[in-house]
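Take this structure, written in structure tokens, and hold onto it; I'll ask about it next.
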Protein chains: 2
Amino acid sequence: MDQYRMPPSTSAREAVYAKLRHQILILELPPGTALSEKDASLAFGVSRTPVRESFVRLAQEGLVQVLPQRGTFVSLIDSELVEEARFMREQLEKAVIRLACESFPEDRLEALEENLREQRESMARTDDKRMFELDEAFHRTIFEGCRKLNTWAAIQQMNVHLNRSRLLRLVTDHQWSHLYAQHEQMAIAIRNRDADRAERVMREHLSLSIADLTMLKEKYPQYFQ
Amino acid sequence: MDQYRMPPSTSAREAVYAKLRHQILILELPPGTALSEKDASLAFGVSRTPVRESFVRLAQEGLVQVLPQRGTFVSLIDSELVEEARFMREQLEKAVIRLACESFPEDRLEALEENLREQRESMARTDDKRMFELDEAFHRTIFEGCRKLNTWAAIQQMNVHLNRSRLLRLVTDHQWSHLYAQHEQMAIAIRNRDADRAERVMREHLSLSIADLTMLKEKYPQYFQ
DNA sequence: ACTACCATACTTGTATGGTAGTATGGAACG
DNA sequence: CGTTCCATACTACCATACAAGTATGGTAGT
């Protein structure tokens with residue numbers, strides 16, 4: 001809950017942690033992958049200590065599972081955890097977008113609209129990675145405008161599993177155009193202070209952007225518990 | 001996000017972490033207290049390594065702040081973080097208690113009522129510590145009945161600051177009788193499947209049990225940022 | 001008296017060696 | 001051929017030593 005205003009100094013531990021976390025989240029290290037203090041320390045050119053401490057942090061986030069004297073593995077995706085993360089995110093995002101419809105700074109609203117422009121460009125280029133980033137940024141901006149950035153950070157922390165399955169879903173079948181249309185409607189609803197509509201669109205949006213897992217479980221059974 | 005089904009083995013790291021966490025949460029180690037890897041390692045009779053790894057975990061939860069080459073300190077209470085934690089908790093608890101009014105297993109409802117009995121006893125004994133535990137258990141049971149235990153765990157994780165201020169408030173002026181009455185109404189609402197009433201009571205309950213911070217800031221200024 | 005400096009005693013960060021528990025593959029045996 | 005046992009090569013866990021940055025108190029110089 002604190003990794004945002006860390007000293008910019010890139011301690012070895014911080015560097016290793018950030019790198020591993022990123023690799024896990026983008027499935028470059030797929031669920032089930034065996035890690036090892038020794039291998040990672042060799043790969044990063046540091047000693048085992050900072051690697052170990054990175055593993056401790058990742059384990060607390062649920063990104064890896066440490067089995068004493070056996071090994072450390074990238075966590076499999078836990079369906080129950082994914083479903084609850086979706087639930088939490090839905091409740092919090094619905095509440096926040098209602099707040100946004102009461103009061104929202106103009107410059108953040110413009111940021112949303114600028115984001116939408118970028119989404120259109122990225123869609124034209126079929127740049128999935130960028131679209132994923134813009135999606136995240138769009139939601140983040142809503143929280144920012146409501147002064148609820150810590151809430152967004154908490155969501156990020158509990159959404160590590162959720163994000164992996166979202167990514168799986170999106171690389172499987174793209175449906176950016178629909179998601180974009182919903183983003184657009186949200187921005188309009190905020191501008192028009194139409195809380196009910198905003199909440200409804202958000203609910204639909206999240207249930208759409210979040211895969212139903214049964215399909216993914218069939219396609220990538222080895223990634224799930 | 002994973003400390004629920006850890007191996008029961010109490011590794012040195014786990015023991016140190018659990019002890020420090022508890023001491024911080026009950027304000028036995030008040031905000032601002034200077035910790036030290038060396039001192040802690042002596043106190044626990046282990047080497048610096050497991051202590052250090054505990055600090056890493058606590059730092060990630062925001063319970064301590066590690067300043068390289070300067071020291072490690074129990075985090076001060078951040079008002080903004082407390083307010084957002086309250087917001088998150090309110091949204092999630094309202095949503096969950098609505099779920100509970102749709103469907104709730106009979107044995108969990110009985111657990112709630114048994115909990116209420118214990119609350120009456122503890123109140124008679126003015127056993128604040130026990131009341132605090134029962135309060136937590138009551139809410140936890142609601143999540144359990146809705147099969148949302150991971151959500152409860154996430155709340156626990158982000159509520160570390162919130163809990164400290166709640167504890168401050170409760171040791172300052174006890175108001176258990178009012179809180180108890182609300183718990184009782186919640187159980188009744190769940191039994192009667194009265195979602196609107198349940199949500200309303202929950203909202204009032206949380207805004208009551210969660211201190212307004214201005215008073216606490218005046219009384220314990222050294223604990224706040 | 002005041003200031004600048006520096007030795008010293010802290011702090012956390014990193015590296016490394018030893019320990020104990022676990023998985024694995026091959027050999028010996030039924 | 002199948003099963004049991006054991007040596008071996010892993011693993012994470014912990015202790016310890018060293019490195020590097022920081023706060024502090026005393027001292028010398030002005």
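Lettering of chains follows the sequences in order, A, B, ..., and the numbering in each one begins at 1.
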Item to complete: Go through D:dA20, D:dC13, D:dC14 for me and flag the one nearest to the B:Thr49 side chain.
Response: D:dC14

Worksheet item: In whole Å, what is the span from the CG atom of A:Leu35 to the P atom of D:dC10?
Response: 17 Å

Worksheet entry | Nucleotide nearest A:Pro50 when distance is taken to its side chain, options C:dA15, D:dT11, D:dC14 | C:dA15

Item to complete: Only one of A:Val74, A:Thr33, A:Val160 passes side-chain contact (heavy atoms from CB on, under 4.5 Å) with A:Ile24; say which it is.
Response: A:Val74

Discussion item. Between B:Glu80 and B:Gln225, is there a side-chain donor-acceptor contact under 3.5 Å, judged purely by atom types and distance?
Written reply: no

Worksheet item: For B:Glu37 and D:dC14, what is the distance between atoms CD and C1' respectively, to the nearest whole Å?
Response: 14 Å

Worksheet item: Counting side-chain heavy atoms from CB outward, which of C:dT12, D:dA12, D:dA15 is closest to B:Val66?
Response: C:dT12

Worksheet, complete the sentence: B:Lys38 atom NZ is separated from C:dT11 atom C1', nearest whole Å, by 11 Å

Practice prompt. Among C:dT16, C:dA23, C:dG13, find the nucleotide with the atom closest to the side chain of B:Pro68.
Written response: C:dG13

Worksheet item: Nearest of C:dT11, C:dT22, D:dA15 to any side-chain atom of B:Val46?
Response: D:dA15

Worksheet item: When the distance from CZ of A:Arg48 to P of D:dA12 is rounded to whole Å, what number comes out?
Response: 9 Å

Worksheet, complete the sentence: Checking C:dA15, D:dC14, C:dT12 against the side chain of B:Thr72 (C-beta onward), the nearest is C:dT12

